[in-house]
Colleague: 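Before I ask anything, here is the structure I am working with.
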Amino acid sequence: MSPDVTERAEQIVAELAANAALHGRVQGRDFRLALTLDTTTGTLRIAVTDAKGGQLPVVTTDSATDGETGRGLLMVGALADRWGTEPHPPGGKTVWAEVCHRSS
């Protein structure tokens with residue numbers, strides 16, 4: 001795997017895991033992290049599943065905010081080639097991102 005993919009993936013994993021721990025936490029339940037590499041396409045899929053399906057991630061668009069938090073999904077969007085969410089029955093959600101090798 002190229003350093004480009006690895007570096008972007010590290011940042012995405014950190015952000016999605018932090019979001020799951022902070023915003024998707026349900027007492028007694030953990031979040032799940034899955035990394036899947038498609039060797040045919042060179043695409044790494046990062047998926048973080050948590051227990052709060054009713055609380056979908058929100059991308060902050062207010063760049064004037066001086067807070068220290070709230071911009072993580074903007075970073076995910078900038079680093080990932082694609083990202084999104086999907087329900088994870090019975091009551092959770094998965095936030096996923098895909099990182100592909102970028103040619104220079």
Side-chain angles (χ1 to χ4, degrees):
M1 193 174 322
S2 73
D4 171 62
V5 171
T6 303
E7 290 170 9
R8 291 188 292 143
E10 288 171 351
Q11 293 296 315
I12 293 168
V13 166
E15 183 57 39
L16 295 184
N19 282 353
L22 183 63
H23 303 294
R25 187 173 184 277
V26 172
Q27 188 170 349
R29 296 180 67 188
D30 294 323
F31 68 87
R32 181 180 67 193
L33 169 65
L35 302 173
T36 308
L37 177 62
D38 181 336
T39 56
T40 303
T41 63
T43 300
L44 177 65
R45 182 178 171 96
I46 302 158
V48 176
T49 302
D50 65 43
K52 284 194 176 174
Q55 187 173 352
L56 295 177
V58 177
V59 179
T60 303
T61 57
D62 183 8
S63 61
T65 304
D66 290 332
E68 294 180 10
T69 62
R71 294 182 202 85
L73 290 176
L74 287 173
M75 183 176 69
V76 169
L79 293 170
D81 293 290
R82 288 173 295 284
W83 77 276
T85 63
E86 53 195 39
H88 184 80
K93 70 174 172 306
T94 299
V95 181
W96 58 268
E98 293 180 344
V99 182
C100 305
H101 176 71
R102 293 181 180 166
S103 52
S104 301

Colleague: Is it the case that the side chain of Lys93 and the backbone of Lys52 share a donor-acceptor pair, with hydrogens and angles ignored and the cut-off at 3.5 Å?
Modeller: yes
Colleague: Are the side chain of Arg8 and the backbone N or O of Cys100 linked by a donor-acceptor pair below 3.5 Å?
Modeller: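 Yes: the side chain of Arg8 pairs with the backbone of Cys100.
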Colleague: Atom OG1 in Thr85, atom CH2 in Trp96: separation rounded to 0.5 Å?
Modeller: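 CH2 of Trp96 is found 9.0 Å from OG1 of Thr85.
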Colleague: Restricting to non-hydrogen atoms, name the atom on Val48 and the atom on Ala17 that form the minimum distance, rounded to 0.1 Å.
Modeller: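 Distance-wise, the nearest heavy atoms are CG2-N, 4.3 Å.
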Colleague: With sequence neighbours excluded, what pairs up with Thr36 under the side chain to side chain donor-acceptor pair (under 3.5 Å) test?
Modeller: none
Colleague: Quick one: pull up CD1 in Ile12 and CG in Leu73 and give me the separation to the nearest 0.5 Å.
Modeller: 11.0 Å
Colleague: Decide yes or no for Val13 and Leu35: does some side-chain heavy atom of the first lie under 4.5 Å from some side-chain heavy atom of the second?
Modeller: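 Sidechains of Leu35 and Val13: in contact.
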Colleague: Could you give the distance from CG (Leu79) to CD (Glu7), rounded to the nearest 0.5 Å?
Modeller: 10.5 Å
Colleague: In sequence, state the C-alpha distance, the side-chain angles, and the governing distance for Thr43 and Arg82, and then conclude on side chain to side chain contact (heavy atoms under 4.5 Å, CB included).
Modeller: CA-CA 10 Å; Thr43 300; Arg82 288 173 295 284; 4.2 Å; yes
Colleague: Taking the side chain as every heavy atom from C-beta outward, state whether Met1 and Val99 have any pair of such atoms under 4.5 Å apart.
Modeller: no
Colleague: Say you draw a straight line from CG of Leu33 to CG of Asp50; how long is it, rounded to the nearest 0.5 Å?
Modeller: 12.0 Å
Colleague: Rounded to the nearest 0.5 Å, what separation is found between the CD atom of Glu15 and the CE atom of Met75?
Modeller: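 Here the interatomic distance stands at 4.5 Å.
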Colleague: I'd like to know if the side chain of Ser2 pairs up with that of His101 as donor and acceptor (distance under 3.5 Å, no hydrogens or angles considered).
Modeller: yes
Colleague: Treat each ILVMFWY residue as a node, draw an edge where side-chain heavy atoms are under 4.5 Å apart, and state whether Leu16 and Val5 are in one component.
Modeller: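 Yes, because Leu16 and Val5 connect within a single hydrophobic cluster, where side-chain heavy atoms sit under 4.5 Å apart.
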Colleague: Distance check, rounded to the nearest 0.5 Å: Arg45 atom CZ versus Leu37 atom CG?
Modeller: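 One finds 13.0 Å between CZ of Arg45 and CG of Leu37.
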